[in-house]
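Just below is one structure, and these are the notes that go with it.
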Amino acid sequence: MLNFDELLPIGSVVILKNAYKKLMIYGVGQTDMSSDTNYDYIGVMYPEGNMGEGSQFLFNHSDIDQVFFTGYEDEERDEFVQKLQQIYEENSL
């Protein structure tokens with residue numbers, strides 16, 4: 001389950017453990033429909049961005065080795081995270 005206290009905002013740039021390429025987060029609370037597995041984030045390579053099929057990566061917060069940049073946060077994002085947490089709790093995701 002997502003740890004909503006540590007959830008990074010979209011636009012954050014990270015590198016995963018044992019990786020050599022940075023990723024930019026562009027989505028949170030993602031589900032891999034083929035395996036019905038929930039992930040904390042979806043990201044694309046930085047600075048290239050989305051380069052089509054196969055260039056998007058699902059990962060969890062625990063997979064992150066280092067945060068290089070934290071994306072934009074405001075009241076609207078705070079409300080979104082609260083609603084997302086409520087949905088997860090109601091649906092036991």
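- A 4.5 Å side-chain heavy-atom check between Ile87 and Asn91 finds at least one atom pair inside the cut-off.
- Atom CG of Asp74 has more than 12 neighbouring heavy atoms from other residues, nucleotides or ligands inside a 6.0 Å radius.
- Atom CE of Met51 has more than 12 neighbouring heavy atoms from other residues, nucleotides or ligands inside a 6.0 Å radius.
- Taking OG1 of Thr31 as the start and CD1 of Ile42 as the end, the distance is 10.5 Å to the nearest 0.5 Å.
- Between Leu7 and Arg77 there is a side-chain heavy-atom pair separated by less than 4.5 Å.
- For CD of Glu76, the number of neighbouring non-hydrogen atoms (other residues, nucleotides, ligands) closer than 6.0 Å is 12 at most.
- By the neighbour-count criterion of 12 heavy atoms within 6.0 Å, atom CG of Asp65 is densely surrounded, having more than that number from other residues, nucleotides or ligands.
- In the model, Gln82 has no side-chain atom that pairs as donor or acceptor with a side-chain atom of Gln86 under 3.5 Å.
- Distance CG/Asp40 to CD1/Ile64: 7.5 Å, rounded to 0.5 Å.
- Between Tyr41 and His61, the two ring planes are tilted [angle within 30° to 60°].
- For the atom pair Gln30 CD and Asn60 CG, the distance stands at 11.5 Å (nearest 0.5 Å).
- One distance of note links CD of Glu73 with CG of Asp78; it measures 7.0 Å at 0.5 Å rounding.
- Here the side chains of Phe80 and Val28 are in contact, with some heavy-atom distance below 4.5 Å.
- Atom CD1 of Ile10 sits in a sparse spot, with 12 or fewer heavy atoms from other residues, nucleotides or ligands closer than 6.0 Å.
- Note that NZ of Lys83 and CD of Glu79 are 6.0 Å apart. Values are rounded to the nearest 0.5 Å.
- Grouping the Ile, Leu, Val, Met, Phe, Trp and Tyr side chains by contacts below 4.5 angstrom, directly or via other members, places Met45 with Val67.
- Between Pro9 and Tyr72, the closest heavy-atom pair is CB-O, 3.5 Å.
- Cluster annotation: Tyr39 and Val13 are assigned to the same hydrophobic cluster (Ile/Leu/Val/Met/Phe/Trp/Tyr, side-chain heavy-atom contacts under 4.5 Å, transitive).
- A 6.0 Å sphere centred on NZ of Lys21 holds more than 12 heavy atoms belonging to other residues, nucleotides or ligands.
- In terms of hydrophobic clustering, with Ile, Leu, Val, Met, Phe, Trp and Tyr side chains grouped at heavy-atom distances under 4.5 Å, Phe69 and Val14 are assigned to different clusters.
- For the side chain to side chain contact (heavy atoms under 4.5 Å, CB included) with Leu23, the qualifying choice from Val44, Asp63, Ile15, Leu16 is Leu16, the only one to do so.
- With values rounded to the nearest 0.5 angstrom, Ser55 atom OG is found 9.5 Å from Glu48 atom CD.
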How far apart are the C-alpha atoms of Tyr88 and Phe4, what are their side-chain angles, what is the distance that settles it, and do they pass the ring pair (Phe, Tyr, Trp, His ring centres under 6.0 Å) test?
CA-CA 10 Å; Tyr88 267 64; Phe4 294 93; 5.8 Å; yes
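- More than 12 heavy-atom neighbours from other residues, nucleotides or ligands sit within 6.0 angstrom of OH on Tyr26.
- Seen from the ring of Phe68, Lys22 counts as a face-on cation partner, given the 6.0 Å and 45° thresholds.
- Of the N and O atoms on the side chains of Asp32 and Thr37, not one donor lies less than 3.5 Å from an acceptor on the other residue.
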